[in-house]
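Everything numeric in this text was worked out from a predicted model, so none of it was measured. Naming: A, B, ... by sequence-line order, numbering from 1 per chain.
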Amino acid sequence: MSADEFIVTPWHVEGDIDYDKLIEKFGTQKISPELLEKIKTMTSEDHFMLRRGIFFSHREMNRILEDYEKGKEFFLYTGRGPSGHTHIGHLVPWVFAKWLQEKFDVNLYFQLTDDEKFFSKSNLTLEETNKFAYENALDFIALGFNPEKTKIIINTKNIQTLYPIAAQVAKKINFSNTKATFGFTNETNIGMIFYTSLQSAPCFIEDKPVLIPLGVDQDPHFRLTRDIAQKIGKHKPALIHNIMIPALTGPGGKMSASEEKGTIYTTDSPDVVKKKINKYAFSGGQPDIEQHRKLGGNPDIDVSYQYLRIFFEPDDSKLKKIYEDYKSGKLLSGELKAILIEKINEFLKTHQEKREKAKQQIEQFLLENK
RNA sequence: GGGUUCGUAGCCUAGCCUGGUAGGGCGAUGGUCUCCAAAACCAUCGAUCGUCGGUUCAAAUCCGAUCGGGCCCA
């Protein structure tokens with residue numbers, strides 16, 4: 001694969017992603033300075049993930065906001081494919097969803113697609129993906145959602161609720177559409193072929209427009225959903241996309257839950273975090289101290305810096321200082337890593353406490369079939 | 001239901017026709033080098049060849065059955 005090639009699909013992300021090209025390829029909108037300003041005004045907050053372009057693209061987010069201003073409420077929907085333990089990269093859209101929920105005071109649905117991971121991963125049983133669904137739910141709850149306004153959908157558990165909606169969707173999507181959208185072939189199992197209609201279903205669970213914060217790799221599902229929404233008399237879902245979180249071991253893919261070493265799990269202990277960062281985090285430093293002092297490091301490709309930018313250092317002035325110190329050579333890679341390690345461990349300490357408590361709260365969050 | 005094809009270490013795969021206890025690539029691990037990581041170099045671990053049975057002095061390699069995957073047809 002040459003440097004300018006990359007692949008982004010719901011099941012596979014590879015290469016060095018050019019996000020401007022991706023916007024063009026997917027036909028989404030870049031988040032404009034105007035939209036950014038509008039969000040800022042309406043929420044009275046300048047969220048760092050927006051400001052820094054962690055969320056960089058959208059589909060009709062502006063419509064959602066305009067309608068909201070006119071008193072037309074929306075709801076939020078995001079989710080996760082439970083193929084393994086939760087890692088810190090998963091938290092990005094969830095944290096952002098929580099922020100949106102607080103700012104707009106709206107309902108949020110969180111879908112755990114245990115069936116889909118069973119279909120798409122040959123090495124996982126349905127029991128395993130279901131187990132991961134419940135486990136991942138703990139991490140979601142730990143972020144502090146309000147159970148009154150937040151419901152967790154587990155596909156195999158909530159099929160009764162989802163199915164009538166999915167059926168409406170499924171009838172409007174033909175084989176050519178799914179094949180073209182997802183690259184299905186004759187060896188694709190039929191679970192996969194039907195599956196996108198289940199991922200669509202929560203879009204229509206309330207009779208209101210929906211806004212979906214999500215990783216841009218999941219966009220294809222909702223491209224289809226948007227195409228058929230009017231045909232079934234529903235609102236087109238709006239989306240806001242975040243970039244792929246780089247793996248610890250470097251650019252060229254997102255953090256994968258199935259690759260141990262390139263991944264910081266939410267349940268990792270402080271010493272494991274320290275070891276993983278020091279031992280695996282790809283750095284933008286120079287080969288030795290002398291050159292580093294002289295030439296400086298490259299924060300743009302340095303994974304530790306990127307993690308601070310994406311999630312762990314919301315304070316712009318602090319981040320800027322780190323950026324400049326690293327670039328000038330004043331800050332060494334090892335020192336940068338130490339900063340990140342402390343930030344992650346600080347975060348995980350409280351996260352893990354809340355995650356424990358979530359075990360008592362999970363029932364309140366699970367959607368009841370009606 | 002019929003046909004066909006495949007099943008070798010975590011992954012990809014050579015060997016099978018011309019039977020004599022398996023070779024490579026990626027990965028992983030350790031080391032050297034680095035403030036770390038990467039790269040580079042060195043080293044190491046790892047499969048008894050889907051399963052069961054048969055033929056043979058000897059089978060991944062031949063035969064049969066069985067399980068599993070893929071494709072085609074019905």
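Checked against B:G30, B:C35, B:A37, the side chain of A:K337 finds its nearest nucleotide in B:A37. Residue A:Y280 has its side chain nearest to B:U29 when only B:U29, B:C36, B:C35 are considered. When the nucleotides B:A37, B:C35, B:G70 are ranked by their closest atom to the side chain of A:S283, B:A37 comes out on top. Each of B:G30, B:A37, B:G70 was ranked by its minimum atom distance to the side chain of A:K279; first place goes to B:G30. Side-chain proximity of A:D288 to B:A37, B:C35, B:U29: nearest is B:C35. Here the side chain of A:H292 is nearest to one of B:A37, B:C36, B:C35, namely B:C35. Residue A:N278 has its side chain nearest to B:C36 when only B:A37, B:C35, B:C36 are considered.
B:C49: no Watson-Crick or G-U partner with both key distances under 3.5 Å is found in any strand. Base pairing of B:G1 is made with B:C73, judged by Watson-Crick or G-U wobble geometry with both donor-acceptor distances under 3.5 Å. Remark: B:A40 base-pairs with B:U32. Criterion, Watson-Crick or G-U wobble with two distances under 3.5 Å. Base-pair partner of B:G19: not found among the strands shown (Watson-Crick or G-U wobble, both distances under 3.5 Å). For B:G10, the paired base is B:C26 (Watson-Crick or G-U wobble, both distances below 3.5 Å).
Using atom P as the reference point in both B:C11 and B:C67, the two lie 23 Å apart (nearest Å). Here the separation of B:A74 from B:C12, taken at their C1' atoms, is 35 Å to the nearest Å. Look at the P atom in both B:A22 and B:G27: the space between them is 25 Å, to the nearest Å. The same atom, C1', is picked in B:C17 and in B:A59; the two are 15 Å apart, to the nearest Å. Spacing of P atoms, B:G25 relative to B:G19, comes out at 28 Å, to the nearest Å. B:A60 sits 15 Å from B:G54 when the P atoms are compared, rounded to a whole Å. Distance noted for atom P between B:A9 and B:U61: 15 Å (whole Å).
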Checklist entry - Between A:K359 and A:E356, is a salt bridge (Lys or Arg N to Asp or Glu O under 4.0 Å) present by the stated rule, with each step listed? => result CA-CA 6 Å; A:K359 292 176 181 170; A:E356 271 308 302; 2.9 Å; yes
Next on the checklist: Set out, in order, the CA-CA distance, both residues' side-chain angles and the distance that settles salt bridge (Lys or Arg N to Asp or Glu O under 4.0 Å) for A:E102 and A:K98, then state yes or no.
Outcome noted: CA-CA 6 Å; A:E102 281 169 3; A:K98 176 162 186 289; 2.5 Å; yes
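Summary of the strand contacts: A:L331 and A:K275 both lie near RNA chain B, and taking for each the nucleotide with the nearest heavy atom, the more 5' one is attributed to A:K275. Nucleotides of RNA chain B nearest to A:T185 and A:G284 differ in position, and the one nearer the 5' end is that of A:G284.
Put simply, SG on A:C203 and NE2 on A:H235 are 12.0 Å apart, with the number rounded to the nearest 0.5 Å.
In this structure, A:K25 is positioned above the aromatic face of A:F6, its NZ or CZ under 6.0 Å from the six-membered ring centre and within 45° of the axis.
Ring geometry for A:F56 against A:H241 counts as tilted: the plane angle lies between 30° and 60°, on a 0 to 90° scale.
Checking A:D114 against A:N130 by side-chain atom types alone, a donor-acceptor pair falls below 3.5 Å.
Separating the CD atom of A:Q306 from the P atom of B:C36 is a distance of 22 Å, rounded to the nearest angstrom.
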